[in-house]
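Notes to accompany the following structure.
Predicted model, so just to flag it, every value in this text is computed and none were measured. All ligand and atom numbering here is 1-based and tracks the order in the structure.
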Amino acid sequence: MQSTTIPLFNPPVSSPSNLPRFAPTIRHFPPPSKLRFPTAMASTPSGLAVGSRTGTAPRGSTGTDGLCTLTDFVGKGGIGLGDDLVLLLTHIQYACKRIAALVASPFSSDLQNPAGLAVGSERDAPKPLDIVSNEIILSSLRNSGKVAVMASEEDDEPVWIRDDGPFVVVTDPLDGSRNIDASIPTGTIFGVYKRLVELDNLPREEKAVLNSLQSGTKLLAAGYVLYSSATILCASFGSGTHAFTLDHSTGDFILTHPHIKIPPRGQIYSVNDARYFDWPEGLRRYIDTIRQGKGKNPKKYSARYICSLVADLHRTLLYGGVAMNPRDHLRLVYEANPLSLLVEQAGGRGSDGKHRILSLQPGKLHQRLPLFLGSLEDMEELESYGDVQQKVNPGYEV
Ligand SMILES: O=P(O)(O)OC[C@H]1O[C@](O)(COP(=O)(O)O)[C@@H](O)[C@@H]1O
């Protein structure tokens, strides 16, 4: 692993002058070509045994130490995704490792709240950490040489990268960053489509938008990276949903949760229920019913809401239940589609309260919609209440 000193941040100006001043150092993982396989690890750390939680790794994909990295998993010895996609995923991993280091850096809040920047004035305004994460991802996608266009939640328009790139990437580079000063988990979301070669002769701006507006059913791969007590990359390549945990000692994402199966029913609901009085009747009745244990599951449900989509979904995938944002807030292209693929591939359902998310044809890049993700039986019960989409959306201050 190399360590590079980059003059990105100024040392905190408030440091007492008698203390030594350190030039902030950002530790970089090796570039993708130099990633080591974890052959030096003698045994499988307890609790991380491949296949122990949810399923088994693809045959032939584990190293001699029994560990399977994400690169092993998708490569020729694993599910064999094809060299182009494997290379792209390697660059996405690299970008996410840089973002993980950034959000954990002691200087991240300087970036988040630089002097002179109006803080909290515009709730949806991109925050500096979002912008830096966006740049990190864009640079990795460019370096991969495999991406025609990137559409990001942070950019008004998609960025055309190269005419011969076989893939289109949609991304929310750093979701949940509004709470990052309190070290609340954040996440990167991404989806990968094929470039539509039939659009190649259109003007750039036009083909950039149309390539980015593909239906979720066309996703080749989708994933999120959760930056929390562990950094977890959870992805689907069209068959199953699998999670990999970053081993900070080697820089590898190690397969820890192969073939995640969301329980058919959970006992947790996840929603910002301070909005209760803005909810439609159906949603109020549903939540009132399940929290009293009067629903189809005769157990009283518990509430869990981190207000960070990736973290709320990750918990839901593992424990079951429903995670929702019933107002028009989350984006179809960057959030709802990629996350719905992961939930469906884990055996759950992604819906806008009425329709399967993946069946919706995006009309606009930044189109927002209500989003409900979760266990199949919980989702069916929720949708049976009819009006669960919150139409009142006054804009909330916090
Ligand atoms: O304010 P609400 O409606 O609870 O929304 C919270 C949701 O908004 C998000 O913060 C995303 O919002 P932004 O796109 O404005 O960052 C999610 O992480 C979270 O699930």
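Residues T71 and T69 have side chains that never bring a donor and an acceptor to within less than 3.5 angstrom of each other.
Both the backbone and the side chain of C307 come within 4.0 Å of ligand 1, judged by heavy-atom distances. For N272, every heavy-atom contact with ligand 1 shorter than 4.0 Å involves the side chain, none the backbone. When non-hydrogen atoms are compared, ligand 1 lies under 4.0 Å from the side chain of N325 (C-beta onward) but not from its backbone. Of all the heavy atoms of Y396, none lies under 4.0 Å from any atom of ligand 1, so neither backbone nor side chain is involved.
Of the N or O atoms in L330, none lie within a sub-3.5 Å distance of an N or O in ligand 1. For D172, no nitrogen or oxygen atom sits less than 3.5 Å from a nitrogen or oxygen atom of ligand 1, counting backbone and side chain alike. Of the N or O atoms in D312, none lie within a sub-3.5 Å distance of an N or O in ligand 1.
The aromatic rings of Y334 and H366 sit tilted, their planes meeting at an angle between 30° and 60°.
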Could you go through F73 and F244, starting from their C-alpha distance and side-chain angles, then the distance that decides it, and tell me whether this counts as ring-ring contact (aromatic ring centres under 6.0 Å, His included)?
CA-CA 10 Å; F73 186 88; F244 303 79; 5.3 Å; yes
Pair L283-D387, side-chain contact (heavy atoms from CB on, under 4.5 Å): steps then yes or no
CA-CA 7 Å; L283 184 58; D387 58 334; over 6 Å; no
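In this structure, of V398, D175, V310, the residue bringing a heavy atom nearest to atom 11 (C) of ligand 1 is D175. When the options Q390, H329, R275 are ranked by their closest heavy atom to atom 13 (P) of ligand 1, first place goes to H329.
In this structure, H242 has its ring center no closer than 6.0 Å to that of H257.
The backbone N or O of R331 sits less than 3.5 Å from a side-chain atom of E335, completing a donor-acceptor pair. The backbone N or O of G266 sits less than 3.5 Å from a side-chain atom of Y301, completing a donor-acceptor pair.
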